[in-house]
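Structure, as structure tokens:
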Amino acid sequence: MNAAVGSAAMRVETESAPNTKARPLWFGADARPRFGWIHPAAAPVGNVAIVIVPPFGYEAICAHRSLRHLADQAAQSGMLAVRFDADGCGDSAGGDLDPGRVDAWLASVGDACDVARSAGAESIILAGVRMGAMLALVAASRRDDVAGVAAIALPTSGKAFLREGRALQMALGLKPPPGSIAQTSAQIEEIVGFALTAETRTQVSALAADALGMRPAPKILLLDRDDMPGNVAWAERLRSLGAEVSQQRLPGYVEMVLDAQNAQVPGAIIAAVVAFARSCATLAAVSPQTPAAHRTRVLLREGEETISEEAVAIDDCVRGIASGPADGRCERAVVLLNAGAVGRVGPNRLHVRLARRLAAAGTLVLRLDQSGIGDSDVREGGTENCVYSDQVLGDVAAAVRWVRSAGARHVSVAGLCSGAYHALQAAIAGQPIDSIVVINPLTFAYKPGMPLDAAAFRTTAEVTRYGDSLRSASAWRKLLRGEVELARVVRTLARRSGAIATAWTREALRALRIPLQDDLAGDLNALARRGVAIRFIFASDDPGRVMLAEQGGGALRRLVADGRVQIDVIEGSDHTFTPLWSHEPLLDAIAQAVR
């Protein structure tokens, strides 16, 4: 960690940055800091700031890119913008199982408003999405400086939000834990990798239009989904409280919360929110404000230990969060790479939990956003949200240099899905990496234009599913009724047979010492000779496990037998370790690997 951390021990430091572009900060109570970003107005035209209240859990991860675009466009339109992670969410302190979640989320909204006020805003526009929209309305009713609220895809009630979450969770069809792992507590409900305790569900259930006792703001904009009826209950209640309510049905919400790599920025929604905020602003020109000093480094409690977290700029484009021991001394470091287009918090916020756990044990952990992903900027010639960019190796190299300059002598690079591929490729490229942790890779040889659910991976997965279906009576009945597309099955089996034949052929060519392109077996041998420790972690049904065995061939088997490659298997999870029960086995496996 930065040497300044060691000298600070139990002191929280403050910094100010030039008023040029979005700046990270922690805010709120020292014992419970929230994390966010200030987007200064490019050319201020009023005294109103937009404070963006994110949705909950999986939706927040998917919508991150769109909310960043909203903040950027608000700033370009002359308004300061603040976006943040609520208490226990994202990069902020705490977690899902802490008590008093709804009150803490509401307090987070209030603290974010205070950040905007400290940066010069005289009044606030709250823009919330889904659960964030309900929180924005309640939080606004407790303040006298909120000029307007833009509510995007507002649920009809907290109870409706919970019902929708349960339906989504059931639709995932996740497997229960194996017998060796305890079931998640019956008091905890899951919504796509995130937990809601009984207390939290009770508090969320109380959020409803008829429970709102005061007018939240003079002006309200309800942006309803275009695939569902308008939100009549909230509109009527808000008008009855004296608010001026405008209501629109716009496209974009569904696309905004697709999986992060497929999510699309909702241009119509963003334009409507920015226009609404400008209509609430005092449009007389004002002088640029100098933001108050803000914290880019904080101290947190993790179990019995105190750790430091710091928002860092690796270079002009790449950003991340570094977690480490409070005294700054660390000989080991881990660089955590993006999983697909998911930001540095990781799938189901797993990277945050892992980083803090390892930091408490004395390891420096850099949770990285590769260029064009999360909060990192696009490099010249690059593309936003490009998961397999040819620029990622440069990002990893910069991150490795950063942790080594912070004092780390042993560096591990770890990643899931595309992050697994980039970790492996960085080591193959000869970067000064001591160990890699490769989790559920989709491919071992990416080619430009290859779909994100790479063709070989998809074919392997389909054949595995066909094998499972052979044991299913209902599958045979569908076949006999003609409900199975036999031509597709035949094509898939042919592709799989071709892949197996190719693997056998390549193994024979290796035995003859004929050089091959994209030779995983040769790469693993070379890494082992260099002394790079290699650990693969797979969900038991993940097709990448089969692909590794085929492409690694006899070399892999020998390296495993010699202990130079290790393979861990977690029974029953999905590709991104969504079930709550699978989080601890994965975190334990990664922690063991980097030690």
Check: Is any NZ, NE, NH1 or NH2 atom of the basic residue among D574 and K175 found under 4.0 Å from an Asp or Glu carboxylate oxygen of the other?
Finding: no

Margin query: Exactly one of R404, R530, R332 should register a salt bridge (charged side-chain N to carboxylate O under 4.0 Å, His left out) with D434. Which one does?
Written below: R404

Check: Thinking salt bridges, do D390 and R379 make one under a 4.0 Å N-O criterion?
Finding: no

Checklist line | R349/D85 salt bridge by N-O under 4.0 Å criterion | finding: no

Next item on the list: Decide, yes or no, whether a salt bridge links E584 with R353 under the criterion of side-chain N to carboxylate O below 4.0 Å.
Entry: yes

Check: Quick one: are S371 and V318 in side-chain contact, heavy atoms under 4.5 Å?
Finding: yes

Next item on the list: To the nearest 0.5 Å, tell me how far F444 CZ sits from E550 CD.
Entry: 10.5 Å

Next item on the list: Would you list the pairs meeting ring pair (Phe, Tyr, Trp, His ring centres under 6.0 Å) in which at least one residue belongs to residues 414-439, sequence neighbours left out?
Entry: Y388-Y421, Y388-H422

Pairs of donor and acceptor atoms involving the side chains of residues 162-174, under 3.5 Å and at least two apart or interchain, shall be tabulated with distances.
| unit_1 | atom_1 | unit_2 | atom_2 | d |
| --- | --- | --- | --- | --- |
| E164 | OE1 | R130 | NH1 | 2.9 |
| E164 | OE1 | R130 | NH2 | 3.0 |
| R166 | NE | E189 | OE1 | 2.9 |
| R166 | NE | E189 | OE2 | 3.1 |
| R166 | NH2 | E189 | OE2 | 3.3 |
| Q169 | OE1 | V192 | N | 2.8 |

Check: Do D369 and R319 meet the salt-bridge criterion of a basic N to acidic O distance under 4.0 Å?
Finding: no

Item checked: Salt-bridge contact D562-R529 (side-chain N to carboxylate O under 4.0 Å) -> no

Notebook entry, point to check: Considering only heavy atoms from C-beta outward, does the side chain of W105 approach that of T200 to under 4.5 Å?
Noted result: yes

